[in-house]
Amino acid sequence: MFANLKPQPADKILALVKAFREDPRAEKIDLGVGVYKNAEGTTPVMRAVKTAEKQLWEIESTKSYVGLAGDPAFSDVMIDLVLGDAVERSNVAAAATPGGTGACRQAFELVQMANPDARVFVSNPTWPNHTSILNYLGIEHVPYRYFDADTRGVDFDGMLEDLKGLKAGDLVLLHGCCHNPTGANLNLTQWQIVVDVLNEKGAIPMIDIAYQGFGDGLEEDAAAARLVASCVPECLIAASCSKNFGIYRERTGLLMAVSTETSRQGLNQDTLAFLNRQNFSFPPDHGARLVTMVLQDPDLRADWAKELEDVRLGMLGLREQLAGELQRLSGSDRFGFLAQHRGMFSRLGTTPEMVERLRAEHGIYMVGDSRMNIAGLNAQSVPILAQAIIDVGV
């Protein structure tokens, strides 16, 4: 049996992590790994999460399973966080998943179950795991233009042109905020135009929202998902708590299925529970319970929101510092897009050869497509990166 196994493609980001670890240079900078880091280079446990964890240790009386869809209280607080009052709670089915990745996987399997002929339209570029999972499941996916390498913004005209190829029943995967890997986002006017196209074509949107609170604020980052959910007959939303709660290793996510037909909510809920049962059975609960405790307690929620806002403003400050330093060194504003992008990531829009020169000559590690993690910087390393970018001629 094992002799029939074939090597799988190497994960480029994990290879980058290994190369960075083995690099002896003292001033090396890791901009490749996709996790938030503070100025000291660590991913801290948030204050409210640590407090909730201590409380949970005191009161938790069992480690028995929760339901197949997870604790309903977790679904409630997350639906409120993401959707607010944009839709009726009775129109939303939801199930806890192992992280946002698990939510995406369950969403794709639901689509495959409901319509085996459905195609999934994905932005070019998108998070690589999106297409990896779709390939594994054998689901046809179609790229639509998204990133303009010249302006480093959204190629909205190209996006709309490609979405003209949609057929009824197709799924369109959209990043709710802080687009990964580019950092370039649609504005609300553009979101409304996309919604109108989807409704005209009979296509179904799926929102992957993994960075709520990292872009323009908790409410602002949810605006697109709320607009979409309130304007279409059906949609899927995959939400992650890894980033905004800092609980990466707890694997905490939620898949929501929203329908204007309230009568379908029961079947949708049962289907989500069934998919969980086939994949991993009962979802993990520890992270979900911490999120629930934080969001239900006014004091913990306020402290969490304050710390999250500090994280957001810190990344925004690094963006502005880098854009300003590059403007000073280059004498032009061609890097101004860095201050306009949002979230952890930006895409420089340069060649793999330039990325390799940054690594070889300056010890700066980023993904080959020039995606860099802004949270991998601090005030001291920004000038080093800026000078390196100028030196290699990006």
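Scope of the values below: all heavy atoms of this structure, side chains included, with no hydrogens, waters or symmetry mates.
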Please tell me if the side chains of [X] and [Y] come closer than 4.5 Å, counting only heavy atoms from C-beta onward.
X    : Y    : result
L31  : I364 : yes
R359 : F20  : no
T271 : M113 : yes
K243 : F214 : yes
R347 : F147 : yes

My understanding is that only residues two or more places apart in sequence, or in another chain, count here; which of them pass side chain to side chain donor-acceptor pair (under 3.5 Å) with Q212? none

Roughly how far apart are D23 CG and Y365 OH, rounded to 0.5 Å? 3.5 Å

Straight-line distance of D391 CG to E361 CD, nearest 0.5 Å: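 So the gap between those two atoms works out to 8.5 Å.
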
If the threshold is 4.0 Å, N to carboxylate O, is there a salt bridge linking [X] and [Y]?
X    : Y    : value
R357 : E353 : no
E58  : K54  : no
D369 : R371 : no
D285 : K63  : no
K164 : E200 : no

Heavy-atom closest contact (A48 atom, V294 atom, distance):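 So the minimum-distance heavy-atom pair works out to O-CG2, 3.8 Å.
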
Ignoring hydrogens, what is the shortest heavy-atom contact between R119 and G165? Give both atom names and the distance. NH2-O, 2.9 Å

H341 and F337 aromatic ring geometry - parallel, tilted or perpendicular at 30°/60° bounds: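 Aromatic pair F337/H341 classed tilted.
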
Please name the residue in the list I79, L254, I209, V228 that meets the side chain to side chain contact (heavy atoms under 4.5 Å, CB included) test with I237.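 Result: among I79, L254, I209, V228, I209 is the only option passing the side chain to side chain contact (heavy atoms under 4.5 Å, CB included) with I237.
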
